[in-house]
Number of protein chains: 2
Amino acid sequence: MFMISFTEENYLKALLRISFDSGETGVGTNELASHLGVKPATANDMLKRLRDKALVDFEKYKKITLTREGKNIATEVIRKHRLWETFLYEKLEFSWDEVHDVAEQLEHIQSSKLIDKLEKFLDYPAFDPHGDPIPSKGGELTKQFRKTLLDIPVGQLCKMVAVKDNSSAFLQYVVKVGLGINNEIYVQSRQEYDALMVIEVNGVASSVSEKFAENIYVV
Amino acid sequence: MFMISFTEENYLKALLRISFDSGETGVGTNELASHLGVKPATANDMLKRLRDKALVDFEKYKKITLTREGKNIATEVIRKHRLWETFLYEKLEFSWDEVHDVAEQLEHIQSSKLIDKLEKFLDYPAFDPHGDPIPSKGGELTKQFRKTLLDIPVGQLCKMVAVKDNSSAFLQYVVKVGLGINNEIYVQSRQEYDALMVIEVNGVASSVSEKFAENIYVV
DNA sequence: TAATTAAGTTAGACTAATCTAACAATTTTA
DNA sequence: TAAAATTGTTAGATTAGTCTAACTTAATTA
Ligand SMILES: [Mn+2]
Ligand SMILES: [Mn+2]
Ligand SMILES: [Mn+2]
Ligand SMILES: [Mn+2]
């Protein structure tokens with residue numbers, strides 16, 4: 001049980017997120033680097049250190065995978081991140097587009113007592129403000145196949161359950177379109193050429209791009 | 001408005017605390033270093049950097065003082081620290097000897113919105129769980145002359161208002177003696193030789209050392 | 001006041017995390 | 001399959017924060 005730094009935690013979290021989102025086990029160096037906003041050389045150096053600590057499996061020129069221990073740490077960081085987001089949203093009246101950046105800092109506070117007490121204080125929430133599931137203590141990140149708005153055919157009704165992009169810019173745009181978690185969406189039409197959709201939410205119609213639609217998870 | 005690191009914040013806070021506790025404006029390099037658990041050489045290096053950023057006034061071989069800006073930052077860190085301690089104690093049911101170490105991390109989270117919302121959530125508390133005053137937003141750390149238990153003559157009654165030492169070891173000891181904030185203390189006797197005191201709290205008598213007594217603030 | 005002790009500084013080294021520039025391996029594509 | 005493009009690695013440099021060991025200045029004391 002050695003010390004794990006703020007930065008190392010971010011690398012582990014990124015590896016889990018990327019493989020989770022892509023559906024593949026292995027992650028590439030460039031992919032990881034661009035996700036973290038660092039240069040590939042930097043990521044490569046860090047990967048060697050994480051390998052020394054037995055947190056990743058990684059051979060020269062091959063894809064990177066998390067070890068059991070690496071995955072546990074990454075899951076714990078995500079758990080903390082989502083619990084803090086829930087706290088900010090539920091208790092401190094932050095809006096859902098403001099919580100992510102602050103949680104990015106809070107997720108690195110080291111105290112298992114703190115996070116357990118926080119979870120209890122929030123009454124064991126299952127989802128964060130963006131609809132993402134909160135892993136339980138020592139638990140796994142459950143892989144759920146989620147459809148996006150892009151998969152919904154014209155004329156069908158669906159319900160928004162989560163967002164993929166957590167950036168403030170995107171979330172504010174979602175609000176502007178009148179959308180939020182648990183809102184019903186009716187797909188009025190879709191352009192063949194550029195997948196531009198017209199959707200109806202609470203009686204109001206809006207046009208949304210392909211990029212927008214693929215960031216909205218629905219059921 | 002440049003970036004200020006976690007470490008720099010700790011140095012500024014230490015400078016304010018030391019000068020506050022000693023009653024003197026200037027702080028020495030060794031004093032600062034030992035307070036932070038680093039070597040004097042390390043503190044000396046950091047002081048040069050803080051001087052470059054105009055956060056301290058410091059000439060070779062002279063005492064160190066905070067600039068206006070340095071003092072503001074230090075006060076803000078202390079404000080955050082005490083608000084977080086109050087949150088942990090009041091809302092998350094931490095005991096008063098557990099809050100300090102976690103707050104030592106939380107005090108460095110950068111978000112003025114967060115701390116303002118937290119303060120509101122806690123309903124603008126004036127004191128932290130150890131009886132220390134919480135500075136208001138943009139406010140000063142008010143210098144109050146506080147007597148310690150050591151100053152109370154035999155046969156007199158006083159009331160505990162705060163503790164000086166915030167360490168877990170000391171605080172647990174305080175609880176064991178049956179003491180807490182706002183408890184009344186009756187001074188039964190004192191040894192001339194080593195200042196060992198016998199005090200009575202809620203009908204129970206205990207012997208306490210000079211070191212113990214000087215860490216209890218009373219009125 | 002001179003010697004001794006305490007306080008403070010400098011030089012040189014180390015680690016973590018980052019970069020740029022050059023190079024190597026792998027994969028894609030013509 | 002050979003060339004081109006993509007992906008990944010290495011070497012060398014930088015900055016923040018830390019250390020040890022040697023040195024200098026200031027303060028205390030005999
Ligand atoms: Mn988030
Ligand atoms: Mn983070
Ligand atoms: Mn404290
Ligand atoms: Mn701190």
Side-chain angles (χ1 to χ4, degrees), chain A residues 1-15 18-19 22 24-66 70 73-74 77 104-105 107-108 110, chain B residues 1-15 18-19 22 24-66 70 73-74 77 104-105 107-108 110:
Chain A
M1 287 301 155
F2 33 76
M3 209 70 244
I4 180 119
S5 77
F6 187 108
T7 313
E8 287 168 328
E9 284 190 345
N10 280 339
Y11 276 84
L12 295 175
K13 190 177 73 151
L15 287 168
I18 295 168
S19 72
S22 70
E24 279 154 53
T25 9
V27 176
T29 306
N30 288 2
E31 209 178 352
L32 175 63
S34 85
H35 188 274
L36 286 164
V38 298
K39 300 292 163 185
T42 307
N44 186 260
D45 277 358
M46 177 56 91
L47 287 166
K48 289 178 191 164
R49 264 174 283 151
L50 293 174
R51 182 178 47 198
D52 291 347
K53 293 189 172 186
L55 299 173
V56 301
D57 288 321
F58 169 53
E59 278 177 81
K60 233 183 173 186
Y61 295 107
K62 299 274 169 62
K63 297 284 178 187
I64 312 136
T65 53
L66 287 167
I73 294 172
V77 175
E104 207 54 53
Q105 295 180 62
E107 70 188 4
H108 302 291
Q110 314 233 252
Chain B
M1 285 301 155
F2 32 76
M3 208 71 244
I4 182 119
S5 76
F6 187 107
T7 313
E8 287 168 329
E9 284 189 346
N10 281 340
Y11 276 84
L12 295 176
K13 190 177 74 151
L15 286 168
I18 296 168
S19 72
S22 70
E24 278 154 54
T25 10
V27 176
T29 306
N30 288 3
E31 210 177 352
L32 175 62
S34 84
H35 188 273
L36 286 164
V38 298
K39 299 292 164 183
T42 306
N44 186 259
D45 277 357
M46 177 55 91
L47 287 166
K48 289 177 189 164
R49 266 175 282 153
L50 293 174
R51 183 179 47 198
D52 290 346
K53 293 190 172 185
L55 299 172
V56 301
D57 288 320
F58 170 53
E59 278 177 81
K60 232 182 172 186
Y61 296 109
K62 300 274 167 64
K63 296 285 179 185
I64 312 137
T65 53
L66 287 166
I73 294 172
V77 176
E104 207 54 53
Q105 296 180 63
E107 70 187 4
H108 301 291
Q110 313 233 251

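The figures that follow rest on heavy atoms only: side chains count, while hydrogens, waters and symmetry mates do not. Lettering follows sequence order; numbering is per chain, from 1.
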It should be established whether Ser5(A) places a side-chain nitrogen or oxygen under 4.0 Å from OP1 or OP2 of nucleotide dA17(C). yes
Between dA16(C) atom P and His108(A) atom NE2, what is the distance in whole Å? 18 Å
Got a donor-acceptor contact below 3.5 angstrom from the Lys53(A) side chain to the Met3(A) backbone? yes
Rounded to whole angstrom units, what separation is found between the CG atom of Leu12(A) and the P atom of dA17(C)? 11 Å
Going 5' to 3' through nucleotides 6-12 of chain C and flagging B where a protein heavy-atom sits under 4.0 Å of the base, S where only the sugar-phosphate is that close, and - otherwise, we get -SSBB--
Using the side chain to side chain donor-acceptor pair (under 3.5 Å) definition, which of the options Glu104(B), His35(B), His108(B) pairs with Lys13(B)? Glu104(B)
Scanning both residues in full, the closest heavy-atom pair of Thr25(A) with Thr65(A) reads O-CG2, 3.7 Å
Where Ile4(B) and Gln110(B) come nearest, the two heavy atoms and their spacing: O-OE1, 3.7 Å
Show the nearest heavy-atom pair for residues Glu107(B) and Glu9(B), with the distance to one decimal. O-OE1, 4.1 Å
Could you tell me the boundaries of the chain A footprint on DNA chain D, defined by atoms under 4.0 Å from its heavy atoms? dT7(D) to dT10(D)
Using a heavy-atom cut-off of under 4.0 Å over every strand shown, decide if Phe6(A) touches base, sugar-phosphate, or nothing. nothing
Measure the OG1-CG distance between Thr42(B) and Leu36(B) for me, rounded to the nearest 0.5 Å. 10.0 Å
Taking side chain as C-beta onward, heavy atoms only, is Ile64(B) less than 4.5 Å from Leu15(B)? yes
Looking only at heavy atoms, the pair that brings Leu12(A) and Ala74(A) closest together is O-CB, 3.5 Å
